[in-house]
Amino acid sequence: MLEQQTAPIVQQGGIDWLSLAESLGNQFAAREVEADESDLFVADNIARLKASGLVAAGVPTELGGGGASYTDLCAVLRILGRYSSSTALAFSMHTHQVMVPTWRWHHQNAPVDGLLKRVATEQLVLLSSGGSDWLQSNGTAIKVEGGFLITARKIFASGAPAANLLMTSAVYEDPEIGSTVLHFAVPMNSQGVSIEPTWQAMGMRGTGSHDVVLSNVFVPDAAIVLRRAQGKWHFIFHLISMVAIPLIYSVYVGVAEAVRDRAIQLAMKRHTDEHLCYMVGGLDNELTAAKLALEHMISTAVVSQPGFETTNQIMTGRTLVAKAVLNVADLAMEIAGGSAFYRKLGLEKLFRDIQGVRYHPLREEAQRKLSGQLAFGWDTSCL
């Protein structure tokens with residue numbers, strides 16, 4: 001049963017989204033622990049996000065949504081990350097799939113209003129496969145009359161059990177132009193779509209990041225929203241990088257803030273000394289570095305246009321945030337001492353959850369290569 005504390009859906013501006021996130025976060029914490037211990041998806045927490053209106057928060061008010069700003073949604077995800085890592089990370093995947101078409105609606109007058117209106121009116125939860133697909137994509141698209149038959153396995157699909165619409169892609173071997181990636185949306189209740197429960201992971205255990213399997217799923221020609229060359233940068237990936245990565249990494253900064261607070265709580269139960277103060281100061285330095293890098297990413301996303309220079313700034317920030325929050329987690333374990341090893345004290349779980357920061361694109365090797373190519377003026381069309 002959902003608690004009655006969650007606010008009703010409100011479809012206009014003026015909502016205090018940050019206070020709402022704080023209220024919901026306090027409710028989510030207990031379910032987060034249960035999910036971690038049992039590899040359960042945080043289904044109730046996602047249901048509360050829907051009931052509160054946050055699922056449609058990023059949809060413009062003109063299209064029936066909450067009209068929340070991009071910076072507010074980054075802050076919402078950071079707050080949720082402090083209380084419930086898995087809920088925040090799963091929700092960030094839906095959120096960026098809303099904010100990408102919202103950017104296109106605002107800046108390009110793109111015909112995405114139908115999707116955004118459906119998110120607002122039907123409270124659709126969008127599922128992304130982009131992190132595992134990236135520029136190469138995976139799976140096959142076979143041309144048939146009126147469309148394509150798609151066969152693919154999409155891994156790390158965070159939030160899969162609650163999703164209504166899978167935003168994904170597959171590779172079509174076009175006889176004239178070669179390997180072409182097709183982008184499309186597939187309803188999760190379509191014939192041939194199934195979820196394979198593979199998510200037994202070190203951390204972020206409640207995200208439901210299972211495999212989504214597509215077996216000869218028919219996608220009509222009209223549903224193909226983009227065709228691009230396989231393995232090459234395209235405008236849409238610069239846009240995804242600009243919009244999605246700061247949202248996702250806001251979650252990890254929130255988790256790092258929770259790590260810091262828990263470490264201090266545990267350390268204060270012991271005798272403190274100057275060396276412990278020195279380590280805490282170092283931890284706060286790393287957390288501040290993560291916050292500054294995140295703020296740079298967010299401000300870049302707000303004022304920039306998609307392209308290589310913007311992607312470079314965002315992805316450099318992603319590397320810096322990842323390094324800093326991992327250092328926060330390491331220092332927290334040292335500060336808390338042996339007690340940090342006990343699961344019941346909570347720091348061990350946060351340490352595991354924060355390790356996920358390593359694996360979202362672009363990972364550091366690819367980011368550094370891109371930055372170097374841009375510095376030398378080399379060809380950056382392929383990653």
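Predicted, not measured: the structure shown is a model, and the values here were computed from it.
- The environment of CG in D273 is crowded: more than 12 heavy-atom neighbours from other residues, nucleotides or ligands sit within 6.0 Å.
- At a cut-off of 3.5 Å, with distance as the only test, a side-chain donor of S179 or E173 sits close to an acceptor on the other residue.
- With rounding to the nearest 0.5 angstrom, the OG1 atom of T95 is 9.5 Å from the CD1 atom of I248.
- Residue pairs meeting the ring-ring contact (aromatic ring centres under 6.0 Å, His included) criterion with at least one member in residues 78-104, sequence neighbours excluded, are F91-H94, W103-H107.
- Separation of atoms OG (S169) and CD1 (I150) is listed at 9.0 Å; rounding is to 0.5 Å.
- At a threshold of 4.0 Å, the pair E295-K291 does not count as salt-bridged, since none of the basic side-chain nitrogens sits closer than that to a carboxylate oxygen.
- Other residues, nucleotides and ligands contribute only 12 or fewer heavy atoms inside 6.0 Å of the CZ atom of F341.
- Residues F351 and D330 form a side-chain contact, since some pair of their non-hydrogen atoms from C-beta on lies under 4.5 Å apart.
- Looking only at side-chain heavy atoms (C-beta outward), S250 and M297 stay at 4.5 Å or farther from each other.
- Rounded to the nearest 0.5 angstrom, S215 OG and L149 CG are separated by 11.0 Å.
- Atom NE2 of H275 is surrounded by 12 or fewer heavy atoms from other residues, nucleotides or ligands within 6.0 Å.
- T319 and Q367 share a donor-acceptor pair across their side chains, judged by distance under 3.5 Å alone.
- Classification of R78 and E257 as a salt-bridged pair holds, one side-chain N sitting under 4.0 Å from a carboxylate O.
- Between H360 and Y249, the distance from one ring center to the other falls under 6.0 angstrom.
- In this structure, the separation between CG on D133 and CZ on F156 is 12.0 Å, given to the nearest 0.5 Å.
- R82 and E22 are joined by a salt bridge, as a carboxylate oxygen and a charged side-chain nitrogen come within less than 4.0 angstrom of each other.
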**Prompt:** Should K232 and D379 be marked as a salt bridge (charged side-chain N to carboxylate O under 4.0 Å, His left out) after you check the CA-CA gap, both sets of side-chain angles, and the distance that decides it?
**Reply:** CA-CA 11 Å; K232 294 186 177 182; D379 177 24; over 6 Å; no

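- Under the 4.5 Å side-chain criterion, counting only non-hydrogen atoms from C-beta, R352 is in contact with D36.
- Legend: residues meeting ring-ring contact (aromatic ring centres under 6.0 Å, His included) with H238, ordered by chain and number and at least two apart, are W233, F308.
- In this structure, NZ in K50 is found 10.0 Å from CD in E122, a value given to the nearest 0.5 Å.
- A side-chain donor-acceptor contact under 3.5 Å links R262 and Q265.
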